[in-house]
*Asks:* 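One structure, as structure tokens, below. Some questions next.
Only a predicted model underlies this, so the values are computations on that prediction, with no experimental measurement involved. Counting starts at 1 for both ligands and their atoms, in listed order. Hydrogens, waters and symmetry mates are skipped; everything else that's a heavy atom, side chains included, is used. Start at 1 with the first residue, then count along the sequence.
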Amino acid sequence: MIQGRSESSCKTTQICIQLSPRIYPQTDEQCKRTFPHNHTAAHPRHAAADCYIKVTAMPSPNLHLRVVDPADFGAAAAALVAEALRSKPDAVLGLPTGNTPVPVYEHLVAQQRQGAVNFSRARVAMLDEYLGAGDRPISFFHWLREHFLGPAGIAADRVLRMPSQPEGIAAACAAYEAQLAAWGGCDLQLLGLGLTGHIGFNEPGSPPDSHTRVVPLSPVTREANEEYWPGEEVPAFGVTTGIATLLQARRLVLLVNGERKAEILHRTLEGPIGPEVPASFLRHGQDVWIVADRPAASHLDAGVEQLGSQAAR
Ligand code: PGA
């Protein structure tokens, strides 16, 4: 039976994990009436599509999984950001770097150009950084400025940078936490999912009570980040927002795309909760949304295949 949130939108399939899945096909008009925000802001291609909502009883009413076509990935996640800004124009957004959020940032920048979203008062807290990266082009700050902060017109005084200077780093991490708290905490935290199950640079072994700190990077993560450091050795340490800090965010959005993330997403959502897969701690968050494309969701036990064939109709 329907329980908890039944929000959904066109061409977007939402599963609230799990038990007795039911699928509710809707016409485009029904979808528009039921979900006016998502419908108009997030899905420019909605007009041609029917809407499918899959709502299931949830053992965990704080957890929502939205499975989308790869082409709709950026729009689906951007809709959650736009929603946060509509309800709070000066929202604090925790933002990641990496390949995963690129289509999300592109979509948001395009939406701002069309007047559908407005970042003029938004504040941004960086999720993580390499230790020692400074202002070099390979720093995450540089990446975020190029891919989002610059195009979205978010000025430096509205950006909380993750410290990276090795000297005095512990005090700088404490100052980062203090500033985030002074801003009232994070309203919406976007996260990528690492192949190790990391969120930010919280690698396996990260405890749930961790705060912003320096962490050693795993060999898998260092290898995955080689593309950011052409011709250079990937730094051995990162600086990251901690798990406890992340869980204080009023809404968490985990972004996962591509088949290579399918197994770790399965372990994140359907395996044991614990430090072996730090992202599994997200299941303790207040309001957690997972936006996954269909390949990334392909190892879930939650019946996505059945859903996929319906949504693709
Ligand atoms: P990716 O990284 O988006 O480049 O896959 C995700 C992460 O490691 O958090």
*Asks:* Please determine if R267 and E276 form a salt bridge, counting it only when a charged side-chain N lies under 4.0 Å from a carboxylate O.
*Replies:* no
*Asks:* Does Q112 reach the main-chain N or O of A152 with its side chain, forming a donor-acceptor pair under 3.5 Å?
*Replies:* yes
*Asks:* Please determine if E83 and R251 form a salt bridge, counting it only when a charged side-chain N lies under 4.0 Å from a carboxylate O.
*Replies:* yes
*Asks:* Would you list the pairs meeting ring-ring contact (aromatic ring centres under 6.0 Å, His included) in which at least one residue belongs to residues 108-131, sequence neighbours left out?
*Replies:* F119-F148, Y130-F140, Y130-F201, Y130-W229
*Asks:* As a test of reading the model: which residues have a non-hydrogen atom less than 4.0 Å away from ligand 1?
*Replies:* G98, N99, T100, G192, L193, G194, H198, Y228, R260, K261
*Asks:* Counting only heavy atoms not in R161, do more than 12 sit closer than 6.0 Å to its CZ atom?
*Replies:* yes
*Asks:* Between D287 and R250, is the closest basic N to carboxylate O distance under 4.0 Å?
*Replies:* no
